[in-house]
J.: 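One structure, as structure tokens, below. Some questions next.
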Amino acid sequence: MLPDLTREWADLTPREAIAMQQALASQVSTTDDLPVVKTVAGVDVGFENKETARAAIVVLSYPELVPLDHAIARLPTPFPYVPGLLSFRECPVILKALDQLKIQPDLLLCDGMGIAHPRRLGIATHIGLLTGMPSIGVGKSRLTGRHGEVPEGKGEWTPLMDREEEIGAVLRTREGVKPLFISPGHRISLATSIKYVMACVTKYRLPETTRWADGVASGRGQRWLKALEDL
DNA sequence: GCGACAG
DNA sequence: ATCTTGTCGC
């Protein structure tokens, strides 16, 4: 049973949230410490309105990428969107969804950043710390850090730097598409993160994990859920 | 003081 | 994230 943060985080101020991130940062590990990966999961959070957050998680077999399990959870939105504090808005409902899974994944890919964050505590990292699960941040745009041009070829990447520190990779998952911002969440290195993200990419820009998750999380989720039933 | 700013 | 139609390109 994962912690229910709905209450604990209810009256958190941005200042307290930042202090919490700074306190947790020392516990993050970017050394590979994962089991043999037989399952990977993607998680995504959508908002039905300003009031309600909805998380969807889909577990896929690895390396086949066939859907095996899924969960959807809803919870009141506990925190406004503040750049750098995304996890306080989305973690509670994600934990609730994770608790509903029959199959706990070996690796979790989250929308957003891992350590590529001002205090090295993006949502993927925070979820990793809360669950103990190896995690990777897969962002569609940049939060922080600098980088050079990204080579055009599929699988090519450029380091994302904060001063002298390598905090992630700007990865071209397909030729001719906007690159993704990949960073270690917890219990995984950058090189290994890139490897698993590319292994989850088939013919689209986004890895299958996140494609399944946000297909189920938002909009026309019924269409995706029906596909899951036909297993 | 002026921008930048995951989802 | 979410609101939204047509449209440009492979």
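These numbers come from a predicted model, not from an experiment. Here is the naming used below: chain letters follow the sequence lines, and residue numbers restart at 1 for every chain.
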J.: Counting neighbours of CG on A:Asp11 that are heavy atoms of other residues, nucleotides or ligands and sit closer than 6.0 Å, is the number greater than 12?
T.: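 Not more than 12 within 6.0 Å, no.
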J.: In chain order, what residues pass the side-chain hydrogen bond (donor to acceptor under 3.5 Å, both in side chains) check against A:Gln100, with sequence neighbours excluded?
T.: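 Per chain and number, A:Gln100 pairs via side-chain hydrogen bond (donor to acceptor under 3.5 Å, both in side chains) with no residue.
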J.: Sequence neighbours left out, what passes salt bridge (charged side-chain N to carboxylate O under 4.0 Å, His left out) with A:Arg172? Give chain and number order.
T.: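 For A:Arg172 the salt bridge (charged side-chain N to carboxylate O under 4.0 Å, His left out) partners, ignoring immediate neighbours, are A:Glu152.
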J.: Kindly check if the number of other-residue, nucleotide or ligand heavy atoms within 6.0 Å of CD (A:Glu64) is above 12?
T.: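 Yes, the 6.0 Å shell around CD holds more than 12 heavy atoms from other groups.
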J.: Run the side-chain contact (heavy atoms from CB on, under 4.5 Å) test on A:Ile167 and A:Thr144 for me, step by step, so that the C-alpha distance in whole Å, both residues' side-chain angles and the decisive distance to 0.1 Å come before the verdict.
T.: CA-CA 9 Å; A:Ile167 58 175; A:Thr144 192; 4.2 Å; yes
J.: CZ/A:Arg187 to CG/A:Leu107 distance, rounded to the nearest 0.5 angstrom?
T.: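 Rounded to the nearest 0.5 Å, the CZ-CG separation comes out at 10.0 Å.
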J.: Would you sketch DNA chain B in dot-bracket for me? Only Watson-Crick or G-U wobble pairs with both distances under 3.5 Å count, crossing pairs as [ ], other-strand pairs as |, the rest as dots.
T.: .......
J.: Do A:Ile123 and A:Met113 touch side chain to side chain, with heavy atoms closer than 4.5 Å?
T.: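 No; the side chains remain at least 4.5 Å from each other.
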J.: Using the ring pair (Phe, Tyr, Trp, His ring centres under 6.0 Å) criterion, which residues pair with A:His117? Sequence neighbours excluded.
T.: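 Partners of A:His117 under the ring pair (Phe, Tyr, Trp, His ring centres under 6.0 Å) test: none.
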J.: Please list residues of residues 155-188 of chain A whose heavy atoms come under 4.0 Å from any atom in DNA chain B, ordered by number; otherwise none.
T.: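 Within this stretch, nothing sits under 4.0 Å of the strand.
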J.: What does the list of N/O pairs under 3.5 Å between the protein and nucleotides 6-10 of chain C look like, with a distance for each?
T.:
none

J.: Just wondering, do A:Leu60 and A:Val66 contact through their side chains at under 4.5 Å, heavy atoms?
T.: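 A:Val66 vs A:Leu60: side chains apart.
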J.: Between A:Asp4 and A:Thr6, do the side chains contain a donor N or O and an acceptor N or O under 3.5 Å apart?
T.: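 A pair is found: one side chain offers a donor N or O, the other an acceptor, under 3.5 Å apart.
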J.: Check whether any side-chain heavy atom of A:Ile188 lies under 4.5 Å from a side-chain heavy atom of A:Tyr196, and answer yes or no.
T.: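 Side chain of A:Ile188 against side chain of A:Tyr196, heavy atoms only: contact under 4.5 Å found.
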J.: Would you mind reporting whether A:Ile127 and A:Leu108 have side-chain heavy atoms less than 4.5 Å apart?
T.: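 Sidechains of A:Ile127 and A:Leu108: in contact.
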J.: Hey, what's the ring geometry for A:Trp9 with A:His126, parallel, tilted or perpendicular (30° and 60° as the breaks)?
T.: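 Tilted: the ring planes of A:Trp9 and A:His126 meet at 30° to 60°.
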J.: Mind listing the residues from residues 120-136 of chain A sitting with a heavy atom below 4.0 Å of DNA chain B? Number order is fine.
T.: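 Hits under 4.0 Å, by residue number: A:Gly122, A:Ile123.
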J.: Earliest and latest nucleotide of DNA chain B, 5' to 3', sitting under 4.0 Å from a non-hydrogen atom of chain A?
T.: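 The contact span of chain A on DNA chain B goes from B:dA4 to B:dG7.
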J.: Taking the side chain as C-beta and beyond, is there a heavy-atom pair between A:Lys38 and A:Tyr62 under 4.5 Å?
T.: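 A side-chain contact under 4.5 Å is absent here.
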J.: Just to be sure I understand the geometry, which residues of residues 78-87 of chain A put a non-hydrogen atom under 4.0 Å away from DNA chain B?
T.: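 Only A:Tyr81, A:Pro83, A:Gly84, A:Leu85, A:Leu86 qualify.
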J.: Under a 3.5 Å cutoff on both atom distances, Watson-Crick or G-U, what's the dot-bracket for DNA chain C ([ ] crossing, | other strand)?
T.: ..........
J.: Report the distance from atom OG1 of A:Thr13 to atom CD1 of A:Ile18, rounding to the nearest 0.5 Å.
T.: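 These two atoms lie 8.5 Å from each other.
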J.: Angle between ring planes, A:His147 versus A:Phe181, binned at 30° and 60°: parallel, tilted or perpendicular?
T.: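 Plane angle over 60°, so perpendicular.
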J.: Holding to side-chain hydrogen bond (donor to acceptor under 3.5 Å, both in side chains), I want the full list of residues that pass it with A:Thr52, two or more places apart in sequence or in another chain.
T.: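 Scan of A:Thr52 (side-chain hydrogen bond (donor to acceptor under 3.5 Å, both in side chains), adjacent residues dropped) gives none.
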J.: Thinking salt bridges, do A:Lys140 and A:Asp111 make one under a 4.0 Å N-O criterion?
T.: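 Salt bridge: yes.
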J.: I'd like to check A:Ile103 versus A:Pro105 (side-chain heavy atoms, cut-off strictly below 4.5 Å). Are they in contact?
T.: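 Contact flag for A:Ile103/A:Pro105 side chains = no.
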J.: When you look at CD of A:Gln104, are more than 12 heavy atoms from neighbouring residues, nucleotides or ligands closer to it than 6.0 Å?
T.: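 Yes - once you tally the heavy atoms of other residues, nucleotides and ligands closer than 6.0 Å, there are more than 12.
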J.: By a strict heavy-atom criterion of less than 4.0 Å, which residues belonging to residues 139-148 of chain A are in contact with DNA chain B?
T.: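 Heavy-atom contacts with DNA chain B come from A:Gly139, A:Lys140, A:Ser141, A:Arg142, A:Leu143.
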J.: For A:Tyr204, is the NZ or CZ atom of A:Arg174 found under 6.0 angstrom from the centre of its six-membered ring and inside 45 degrees of the ring axis?
T.: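 So A:Arg174 doesn't make the cation-pi contact.
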J.: Check A:Glu48 with A:Arg54, please: is the shortest side-chain N to carboxylate O separation under 4.0 Å?
T.: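 A:Glu48 and A:Arg54: salt-bridged.
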